[in-house]
Number of protein chains: 2
Amino acid sequence: MHYPNVFDGKCPTRVVLDRVGDKWAVLILLLLAAGPLRFNELRRRIDGISQKMLSQTLKSLERDGLVGRKAFATVPVTVEYSITPLGLTLYSAVDSLRLWAETHLGEVAAAQQRYDGGQGMSEAA
Amino acid sequence: MHYPNVFDGKCPTRVVLDRVGDKWAVLILLLLAAGPLRFNELRRRIDGISQKMLSQTLKSLERDGLVGRKAFATVPVTVEYSITPLGLTLYSAVDSLRLWAETHLGEVAAAQQRYDGGQGMSEAA
DNA sequence: CAGGATCCGAGTCGATACTG
DNA sequence: CAGTATCGACTCGGATCCTG
């Protein structure tokens, strides 16, 4: 049996799943996978994100060793974020989920329509 | 480029990631992967879950075609939930993340301690 | 430019009570 | 047994203001 104590949330798998479930974290990982970026650069790229969430998510990612932070003591201060090798491996793991999504997208959508049409039947709202 | 419109949340990948990030959904999938279960049976097994979340999560999973629901018109009503083939494929995809977690758990933990020790330095709380 | 601190609305979840 | 409906506690996330 390969799942030890999954039922009391302390299981390490949960940490990973939480990260993966985090919208912004995945997006950031995605962007940084293409190359290092600065704070406001990231902010502009993602755009939907607030400064708070960006900062917060970056800190989490940095804490987990998934992204690296490098500060340059220039005049207005320059900070560069980059993905770590570890982060890269996670990203490729997440990619397998992306693959699942793309592969089974049709089946899920079909199931949803079947469900909504069969039980809900009130599409007027 | 294999990631089309990931930035405006409509992308199907998000749906999958949200499911995977859902604590209860994964747990339910895990339990049902071992065999069909009834509502209260699931509730007892997971135990930390409220009936609201269980019911709600089951409905989501059913809607996505990941679990199946079968009601028997017995006296006190019997409902049996089971994982679908589709759900099984998702579960095995999630398993690859579990694998990642187990493999890199040490690295993540080390990074966290490094981070907490280096910047936070208040371990007394 | 990079980010901390705060306020606050919206959504989430659990506990409870009730139904078929 | 298998749920639904409601309410309150809490958390999350966005907007804003401010600092170095």
Side-chain angles (χ1 to χ4, degrees), chain A residues 7-9 14-15 17-28 31-32 36-63 67-82 115 118-122 125, chain B residues 7-9 14-15 17-28 31-32 36-63 67-82 115-116 118-122:
Chain A
F7 292 96
D8 49 55
R14 266 260 54 81
V15 179
L17 293 183
D18 284 344
R19 271 279 159 288
V20 168
D22 184 346
K23 178 182 177 180
W24 303 126
V26 174
L27 248 24
I28 291 175
L31 281 178
L32 293 185
L37 289 171
R38 305 217 312 285
F39 189 88
N40 281 298
E41 186 61 29
L42 272 170
R43 172 132 79 134
R44 242 158 304 163
R45 298 278 196 106
I46 304 188
D47 175 66
I49 199 172
S50 65
Q51 168 272 330
K52 179 184 179 181
M53 288 317 293
L54 179 55
S55 158
Q56 185 175 305
T57 307
L58 281 172
K59 259 203 288 194
S60 295
L61 290 172
E62 187 194 354
R63 192 176 106 97
V67 315
R69 196 192 106 116
K70 210 156 84 171
F72 302 93
T74 55
V75 181
V77 172
T78 303
V79 178
E80 191 182 81
Y81 289 95
S82 56
Y115 185 91
Q119 335 282 345
M121 77 187 58
S122 56
Chain B
F7 292 98
D8 48 55
R14 267 260 54 82
V15 178
L17 293 183
D18 284 344
R19 271 280 160 290
V20 169
D22 184 346
K23 177 182 179 181
W24 304 126
V26 175
L27 248 24
I28 291 175
L31 282 178
L32 292 185
L37 289 171
R38 305 217 311 287
F39 189 87
N40 281 298
E41 186 61 30
L42 272 169
R43 172 134 80 132
R44 242 160 298 154
R45 298 278 197 106
I46 305 186
D47 175 66
I49 200 173
S50 64
Q51 86 290 27
K52 178 184 177 180
M53 288 316 294
L54 179 54
S55 159
Q56 186 175 305
T57 307
L58 281 171
K59 259 203 288 196
S60 295
L61 290 172
E62 186 193 354
R63 192 176 106 94
V67 315
R69 196 192 107 116
K70 210 157 83 169
F72 302 93
T74 57
V75 181
V77 172
T78 303
V79 179
E80 192 183 80
Y81 289 95
S82 56
Y115 185 91
D116 294 344
Q119 336 282 347
M121 77 187 59
S122 57

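Numbered from 1 within each chain, the chains take letters A, B, ... in sequence-line order.
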_I need the CD1-P distance between A/I28 and C/dA2, as an integer number of Å._
14 Å
_Side-chain donor or acceptor of A/R44 paired with backbone N/O of A/N40 under 3.5 Å_ = yes
*What is the distance, rounded to the nearest whole Å, between atom NZ of A/K23 and atom P of D/dG13?*
10 Å
*What integer distance in Å separates A/F39:CZ from C/dG4:C1'?*
10 Å
_Determine whether a donor-acceptor pair (N or O, by modelled atom type, separation under 3.5 Å) exists between the side chain of A/S55 and the backbone of A/Q51._
no
*Give one of base, sugar-phosphate or nothing for A/Y81, where a contact means two heavy atoms less than 4.0 Å apart.*
sugar-phosphate
*How far apart are the closest heavy atoms of B/V26 and B/V20, and which atoms are they?*
CG2-O, 3.3 Å
*Distance check: side-chain N/O of B/R38 vs OP1/OP2 of D/dA2, anything under 4.0 Å?*
yes
_Test of understanding: with side-chain contact (heavy atoms from CB on, under 4.5 Å), list the residues that count as partners of A/A73, not counting sequence neighbours._
none
*Tell me, please, which residues at least two apart from A/E80 pass salt bridge (charged side-chain N to carboxylate O under 4.0 Å, His left out).*
none
*Rounded to whole angstroms, how far apart are CD on B/E80 and P on D/dC1?*
15 Å
*B/R69 and B/L58, any side-chain heavy atoms less than 4.5 Å apart*: no
_Contact list please: residues 52-60 of chain A against DNA chain C, heavy atoms, distance less than 4.0 Å, in numerical order._
A/K52, A/S55, A/K59
*Any residue meeting side chain to side chain donor-acceptor pair (under 3.5 Å) with B/D18, in chain and number order, not counting sequence neighbours*: B/R14
*Of all residues at least two apart in sequence or in a different chain, which pass the side chain to side chain donor-acceptor pair (under 3.5 Å) check with B/S82?*
none
*Given atom CD1 of B/I49 and atom P of C/dT12, what is their separation to the nearest angstrom?*
16 Å
_So, does A/R43 get its side chain near the phosphate of D/dG14, meaning an N or O under 4.0 Å from OP1 or OP2?_
no
Nucleotides 17-20 of chain C: which of its N/O atoms have a protein N/O under 3.5 Å away?
from, atom 1, to, atom 2, distance (Å)
C/dA17, N6, B/Q51, NE2, 3.4

*Rounded to whole angstroms, how far apart are CZ on B/R44 and C1' on D/dG3?*
15 Å
*Rounded to the nearest Å, what distance is computed from the CG atom of residue A/D22 to the P atom of nucleotide D/dT11?*
18 Å
*Given atom CG of B/L37 and atom C1' of D/dG3, what is their separation to the nearest angstrom?*
17 Å
*Can you measure from CG (B/L17) to CZ (A/R19) and round to the nearest 0.5 angstrom?*
13.5 Å
